[in-house]
There are 2 protein chains.
Amino acid sequence: MNVISFLQQTIHLGPETEADLARIIVREQFPKNHILVRPGQYYRRLMFVEEGLIREHYLSMSGKDTTYRFHTEGNFVTADESFIDNQPSQYTFETLEDSVICSISHADFETLLRQHPEFEQLHILVMHQLIREMKERITALQFQTATERYESLLQSQPSIFQRVSLGHIASFLGISQETLSRIRSKR
Amino acid sequence: MNVISFLQQTIHLGPETEADLARIIVREQFPKNHILVRPGQYYRRLMFVEEGLIREHYLSMSGKDTTYRFHTEGNFVTADESFIDNQPSQYTFETLEDSVICSISHADFETLLRQHPEFEQLHILVMHQLIREMKERITALQFQTATERYESLLQSQPSIFQRVSLGHIASFLGISQETLSRIRSKR
DNA sequence: TTTGCTTTTTGACTTTTGTCAAAGACTTTG
DNA sequence: CAAAGTCTTTGACAAAAGTCAAAAAGCAAA
């Protein structure tokens with residue numbers, strides 16, 4: 001699914017708008033295990049995953065690496081601290097598969113919103129979806145057991161288990177790799 | 001802090017806009033322990049807490065009551081499922097203190113955005129802040145210990161401990177009341 | 001101020017999860 | 001296909017957190 005087709009699902013794009021988009025969108029191909037953004041980096045671009053998988057993770061002071069979330073094809077991604085607050089990213093973004101990523105700069109994004117107000121609609125829609133997902137995530141972490149969270153993930157994104165190592169999934173669920181392994185062995 | 005003054009910190013309000021606002025804002029006073037929204041209810045209003053404190057909580061199937069978050073004076077609040085997705089709220093909203101709450105309907109909010117585009121700016125600002133807070137919350141729940149989360153809360157919102165019972169705070173932190181009590185006794 | 005109610009703490013015990021270490025399975029590559 | 005590397009599982013133990021029950025403390029209203 002490429003960005004343009006994706007956008008057309010939600011908003012109508014006139015030929016002029018499409019031309020504008022084509023001018024500002026950068027399409028890049030990255031190999032597996034490529035680091036897109038590192039902690040401390042200013043990365044003020046809005047990305048869209050056309051193909052592949054990005055892992056966003058956090059390095060604690062003790063050096064432990066914890067997956068914040070996975071971003072799969074057909075989704076928008078930003079280094080929030082940079083894109084929203086113009087601050088250095090706290091998180092690392094890396095590809096876990098060969099990936100195709102389209103992106104536009106923050107400045108171009110702002111211009112786009114000003115010149116084509118129909119994108120405002122979409123912008124809000126994307127933020128709403130993000131808020132919805134985050135709320136579910138918070139409640140899951142707050143009052144579900146590790147096993148329940150595992151079952152939910154299995155339900156909602158079964159394919160992730162074929163694509164990502166269990167260590168990364170464990171830290172995403174907020175548990176150790178060994179605990180995840182034991183949960184899985186009991187069924 | 002009343003809504004109008006609060007809004008003026010961020011955007012300039014012309015006299016006409018102020019008049020429009022005065023027409024659509026409903027200001028209500030509620031006693032302590034008043035339920036504002038119950039699960040299953042459609043509550044499509046954007047609220048602003050002028051005074052007091054709202055607790056947003058979730059009832060699990062087993063009947064356990066878990067605090068999702070606290071909303072204090074000077075903040076916007078919505079029953080997200082209703083306001084954003086036009087679905088019944090999954091959460092309960094109740095005052096924990098005598099409170100003054102201003103609110104406008106979803107329809108009026110939409111109209112306001114259309115007629116006074118300067119609110120769009122603010123709207124996005126509020127969503128950005130929400131996203132920032134939620135991300136911090138997720139990472140805290142994912143890879144901090146209960147003690148660390150307690151310390152963070154003590155840092156960021158010390159006054160909450162004077163205003164809310166420890167049982168509610170414990171469930172907000174994702175731990176049992178007894179665990180919280182033991183964490184507190186060790187210092 | 002006494003009584004009743006709610007909140008908080010404490011104790012004893014159980015369950016869950018984490019940690020460390022090693023073994024096993026699976027991949028990749030020379 | 002063998003060797004090296006990575007990922008996953010397993011075991012033994014330790015630490016963290018949950019549960020249940022009861023006591024203590026705090027608060028509010030009569």
Side-chain angles (χ1 to χ4, degrees), chain A residues 31-35 53 55 57-67 70 94-98 139-154 158-187, chain B residues 31-35 53 55 57-67 70 94-98 139-154 158-187:
Chain A
K32 189 175 171 169
N33 298 323
H34 179 80
I35 298 205
L53 178 67
R55 181 173 79 107
H57 68 96
Y58 181 87
L59 290 170
S60 68
M61 285 132 290
S62 58
K64 214 175 67 176
D65 161 326
T66 312
T67 301
F70 303 107
E94 61 171 354
T95 58
L96 294 187
E97 301 174 351
D98 295 348
T139 50
L141 287 166
Q142 228 180 318
F143 54 72
Q144 288 185 192
T145 63
T147 307
E148 288 171 326
R149 294 200 297 275
Y150 169 73
E151 300 284 354
S152 301
L153 185 62
L154 209 55
S159 62
I160 212 81
F161 291 91
Q162 269 79 62
R163 301 173 70 180
V164 173
S165 76
L166 293 174
H168 291 153
I169 292 177
S171 71
F172 172 75
L173 294 170
I175 58 180
S176 73
Q177 170 160 283
E178 292 92 332
T179 299
L180 177 57
S181 176
R182 289 185 179 110
I183 288 172
R184 283 162 63 82
S185 70
K186 299 198 192 94
R187 47 191 323 263
Chain B
K32 190 175 169 167
N33 298 323
H34 178 82
I35 297 204
L53 178 67
R55 180 172 82 106
H57 67 97
Y58 181 86
L59 290 170
S60 69
M61 287 132 287
S62 59
K64 214 175 68 174
D65 160 328
T66 311
T67 302
F70 302 106
E94 63 172 351
T95 58
L96 293 187
E97 301 174 352
D98 295 349
T139 51
L141 287 166
Q142 229 180 317
F143 52 72
Q144 289 185 189
T145 64
T147 307
E148 289 171 325
R149 294 200 297 277
Y150 169 73
E151 300 283 353
S152 301
L153 185 61
L154 208 56
S159 62
I160 212 82
F161 291 91
Q162 269 79 62
R163 300 174 71 179
V164 173
S165 77
L166 293 174
H168 290 153
I169 292 177
S171 71
F172 172 75
L173 293 171
I175 58 180
S176 73
Q177 171 161 281
E178 293 91 331
T179 300
L180 177 56
S181 176
R182 288 184 179 111
I183 288 171
R184 284 162 63 81
S185 68
K186 297 197 192 98
R187 45 189 326 261

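Quick note on labels: first sequence line is chain A, next is B, and so on, each numbered from 1. Any value given below was found using the heavy atoms of this structure, including those in side chains, with hydrogens, waters and symmetry copies removed. Remember, it's a predicted structure, so these values are computed and weren't measured experimentally.
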Note to self: Distance check needed: C:dT19 P versus B:Phe143 CZ, whole Å only.
What the structure shows: 14 Å
Checklist line | Side-chain heavy atoms of B:Arg184 within contact of B:Tyr150, under 4.5 Å | finding: yes
Notebook entry, point to check: Can you tell if the side chain of A:Thr139 reaches within under 4.5 Å of the side chain of B:Thr66, non-hydrogen atoms only?
Noted result: no
Checklist line | Euclidean distance, atom CG of residue B:Asn33 to atom P of D:dA28 [Å, nearest integer] | finding: 12 Å
Note to self: Can you confirm whether B:Ile183 sits close enough to B:Ile175 that some side-chain heavy atom of one is under 4.5 Å from a side-chain heavy atom of the other?
What the structure shows: yes
Check: What integer distance in Å separates B:Arg163:CZ from D:dC27:P?
Finding: 17 Å
Next item on the list: Using whole Å, report how far CD of B:Gln142 lies from P of C:dT17.
Entry: 15 Å
Item checked: Spacing of A:Leu173 atom CG relative to C:dT16 atom P, expressed in whole Å -> 17 Å
Check: Taking the side chain as C-beta and beyond, is there a heavy-atom pair between A:Leu141 and B:Gln142 under 4.5 Å?
Finding: yes
Item checked: Whole angstrom value for the distance that separates C1' of C:dT8 from CZ of B:Phe161 -> 14 Å
Note to self: Treating primed atoms plus P, OP1 and OP2 as sugar-phosphate and everything else as base, which nucleotides of nucleotides 8-20 of chain D get B, S or - for protein heavy atoms under 4.0 Å?
What the structure shows: BBBBB----SSBB
Notebook entry, point to check: Whole-Å distance between C:dT27 C1' and A:Glu97 CD?
Noted result: 16 Å
Notebook entry, point to check: Hey, are the side chains of B:Phe70 and B:His168 touching, using non-hydrogen atoms and a 4.5 Å cut-off?
Noted result: yes
Notebook entry, point to check: Does A:Ile160 reach the side chain of A:Phe172, with side-chain heavy atoms less than 4.5 Å apart?
Noted result: no
